[in-house]
Amino acid sequence: MKGVDDGQLVTGTVVKVDHDEVLLDIGYKSEGVIPARELSIRNDVDPHELVSIGDEIEALASPRRTRKAV
């Protein structure tokens, strides 16, 4: 299993396209999520117009950080 660094350019395969997000298999323990608003400079973009299941695309990684309980 590979790690992903913040800001790293990753290549993945689109596995799901919804009206508000795209799921990307980047070979990590969970899929990457790309919000629709980050797919294009247009705010009213429909992800189905830009990507399809099976497409390989590049994205910048921004791993989620878990917070420790205080």
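Being a predicted model, the structure only gives us computed values, none of them experimental.
- Within the 4.5 Å cutoff, the side chain of L24 has no heavy atoms near those of the E31 side chain.
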- Take T11 and E56 through the side-chain contact (heavy atoms from CB on, under 4.5 Å) test and state the conclusion after the steps. CA-CA 7 Å; T11 301; E56 279 200 7; 3.9 Å; yes
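- L60 is listed as a side-chain neighbour of L9, based on a closest heavy-atom distance under 4.5 Å.
- A single hydrophobic cluster is seen to contain both I53 and I57, as judged by linkage of ILVMFWY side chains at heavy-atom distances under 4.5 Å, directly or through other members.
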- Message: Set out, in order, the CA-CA distance, both residues' side-chain angles and the distance that settles side-chain contact (heavy atoms from CB on, under 4.5 Å) for S40 and L50, then state yes or no.
- Response: CA-CA 9 Å; S40 172; L50 300 175; 4.0 Å; yes
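- Side-chain contact between P35 and D20 is absent, with no heavy atoms from C-beta onward closer than 4.5 Å.
- A pairwise comparison of heavy atoms in H48 and V17 identifies NE2-O, 3.3 Å as the closest pair.
- With respect to the salt-bridge test (charged N to carboxylate O, under 4.0 angstrom), the residues R42 and E49 qualify.
- No more than 12 heavy atoms of other residues, nucleotides or ligands shown are found within 6.0 angstrom of CD1 on I41.
- Scanning both residues, P47 and D18, for their nearest heavy atoms gives CG-O, 3.3 Å.
- Of the possible polar contacts, one joining the D25 side chain to the G27 backbone as a donor-acceptor pair under 3.5 Å is found.
- Within the 4.5 Å cutoff, the side chain of V14 has no heavy atoms near those of the L23 side chain.
- Expressed to the nearest 0.5 Å, how far OG of S62 lies from CD of Q8 amounts to 12.0 Å.
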